Amino acid sequence: MKGYFITFEGLEGAGKSTQAKRLFESLVAHGYPCLLTSEPGGTPIGEAIRAILGNVEFKDMVPLTELYLFSASRAQHVEKVIKPSIEEGKIIICDRFCDATLAYQGFGRGVPENLIRETNSRASWNVRPDLTFYLDIEPTKGMTRVSQRIQELEIPADRIEKEKIEFFERVREGYLYIAREEPNRVKVLDATMEYDDLAAKIFDIVHGILVRMKFKDGLQIEAPIE
């Protein structure tokens, strides 16, 4: 594989979607071949599954159903979008990936870790991120941001946003567990930083890595080396 795979993770309200987009725009401006995508979703099938997962009418969804729906979306996403783009030499920026499944369905819902890791491996075709940014925020602060956004945009909360704060505390514990297990891949950043400062920090980390790579694994870096 010739490309480079970056993922963003975090609780609701952490700002990961905003920062993923900011990184994408900055890298494109510097001449890097990039693709911005997200999970669940990224394909027409994935978007249909996303609608089911967010539907508040399905509040009785059991954890295994949730796990397999996320995994079905990921299998389609990886095979149809992520793998081909990496093989083309692009930089893939993805809002959520396998770490979210372990944090949410594992720590949050209580699905056994070994089952999640096996399911993740199969659904992702063993594709793993080269770099992950985990934007850490206390659940109460994150959900306050979510509530403000919902009020400003006049949109309803989705099924997961309606979970109790204890659920998100367990999810945060899961993310921090992953970060401790894989410190070389997972970079923990303070999600409460000013958006511009956080975006600049993320770009500096990524740009530094890409410059050092140069032509590593066939990925030609066309951006100017600063």
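Nothing here was measured: the structure is a model prediction, and the numbers come from that model.
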Please check: side-chain N/O of Glu161 versus main-chain N/O of Asp158, any donor-acceptor pairing under 3.5 Å? yes
Mind checking whether Leu11 and Pro139 have side chains closer than 4.5 Å, heavy atoms only? yes
Arg185 side chain vs Asp130 backbone, donor-acceptor pair below 3.5 Å: no
Is there a side-chain contact between Ile160 and Tyr104 (heavy atoms, below 4.5 Å)? yes
Is Lys164 paired with Glu169 through a side-chain N to carboxylate O contact shorter than 4.0 Å? no
Evaluate the criterion side chain to side chain contact (heavy atoms under 4.5 Å, CB included) for residue pair Glu9 and Lys16; output intermediate values, then yes/no. CA-CA 6 Å; Glu9 298 284 356; Lys16 58 184 179 47; 5.6 Å; no
Any side-chain to backbone donor/acceptor pair from Arg170 onto Gly108? Under 3.5 Å, distance only. yes
Applying a strict under-4.5 Å side-chain criterion to I, L, V, M, F, W and Y, I'd like to know whether Ile165 and Tyr175 cluster together. yes
Plane angle bin for His207 and Tyr32 - parallel if under 30°, tilted between 30 and 60°, otherwise perpendicular: perpendicular
Please lay out, stage by stage, how Ile202 and Phe133 fare under the test side chain to side chain contact (heavy atoms under 4.5 Å, CB included). CA-CA 8 Å; Ile202 291 170; Phe133 290 105; 3.6 Å; yes
Are any of the side-chain heavy atoms of Thr65 and Val62 separated by less than 4.5 Å? yes
Taking atom CD of Glu152 and atom CD1 of Ile155, what is their separation to the nearest 0.5 Å? 10.0 Å
Check whether Leu189 and Val171 end up in the same hydrophobic cluster, where Ile, Leu, Val, Met, Phe, Trp and Tyr are linked by side-chain heavy atoms less than 4.5 Å apart. no
Test item: side-chain donor near acceptor, Glu113 and Tyr177, under 3.5 Å: yes
Have Arg96 and Ser17 got a donor and an acceptor in their side chains that come within less than 3.5 Å? no
Donor + acceptor pair across side chains of Ser124, Arg74 (<3.5 Å): no
Euclidean distance, Glu57 CD relative to Ile52 CD1, rounded to 0.5 Å: 12.0 Å
Rounded to the nearest 0.5 Å, what separation is found between the CE atom of Met143 and the CD atom of Glu163? 9.5 Å
Report yes if the side chains of His30 and Leu210 come closer than 4.5 Å at any heavy-atom pair, otherwise no. no
Indicate whether any N or O donor in one side chain lies under 3.5 Å from an N or O acceptor in the other, for Ser71 and Thr119. no
Between Asn120 and Cys98, the two heavy atoms sitting closest are ND2-O, 3.2 Å
For Glu88, is there an ion pair with Lys83 - N to carboxylate O distance below 4.0 angstrom? no
Quick one: do Glu182 and Lys187 make a salt bridge, cutoff under 4.0 Å? no
Charged N-O contact under 4.0 Å between Lys21 and Asp95: no
Charged N to carboxylate O below 4.0 Å: is that the case for Asp99 and Arg128? no
Indicate yes or no for a side-chain donor-acceptor contact from Arg145 to the backbone of Gly13 under 3.5 Å, with no hydrogens or angles considered. yes
4.5 Å side-chain heavy-atom contact, Met61 and Leu53: yes
Applying a strict under-4.5 Å side-chain criterion to I, L, V, M, F, W and Y, I'd like to know whether Ile49 and Val81 cluster together. no
Nearest atoms (heavy-atom pairs only) where Ala191 meets Leu198: CA-CD2, 4.3 Å
Examine Phe107 and Tyr68 and state if one hydrophobic cluster contains both, with Ile, Leu, Val, Met, Phe, Trp and Tyr joined whenever side-chain heavy atoms are less than 4.5 Å apart. yes
Quick one: does Gln19's side chain get under 4.5 Å of Leu135's, heavy atoms only? yes
Pick one: which of Thr37, Ile6, Val78 meets side chain to side chain contact (heavy atoms under 4.5 Å, CB included) with Cys94? Thr37
Of Leu36, Leu35, Leu131, which meets side chain to side chain contact (heavy atoms under 4.5 Å, CB included) against Ile93? Leu36
Measuring from atom CG of Leu67 to atom CD of Gln105, what distance do you get when rounded to the nearest 0.5 angstrom? 6.0 Å
Does the side chain of Phe168 reach to within under 4.5 Å of the side chain of Glu12, using non-hydrogen atoms? yes
Decide side chain to side chain contact (heavy atoms under 4.5 Å, CB included) for Leu64 and Leu115; before the verdict, give the C-alpha distance in whole Å, the side-chain angles of both, and the deciding distance to 0.1 Å. CA-CA 10 Å; Leu64 278 181; Leu115 174 58; 3.6 Å; yes
In Å, rounded to the nearest 0.5 Å, how long is the span from CD1 of Ile45 to OG1 of Thr43? 5.5 Å
Do Tyr195 and Val146 share a hydrophobic cluster, counting only Ile, Leu, Val, Met, Phe, Trp and Tyr and linking them when any side-chain heavy atoms are less than 4.5 Å apart? no
Test: Glu66 and Arg109 ion pair at under 4.0 Å: yes
To the nearest 0.5 angstrom, please state how far the CD1 atom of Ile178 sits from the OG1 atom of Thr132. 9.0 Å
Taking the side chain as everything from C-beta on, heavy atoms only, tell me whether Arg172 gets closer than 4.5 Å to Glu138. yes
May I ask you to check whether Phe97 and Phe5 place their ring centers less than 6.0 Å from one another? yes
Within the distance-only criterion (no hydrogens, no angle test), does the side chain of Thr144 pair as donor or acceptor with the backbone N or O of Thr140 below 3.5 angstrom? yes
Please assess Ile86 against Lys2 for the test side chain to side chain contact (heavy atoms under 4.5 Å, CB included), listing each intermediate value before the final yes or no. CA-CA 6 Å; Ile86 293 175; Lys2 302 177 181 180; over 6 Å; no
Going by atom types alone, do Asp136 and Tyr134 pair a side-chain donor with an acceptor below 3.5 Å? yes
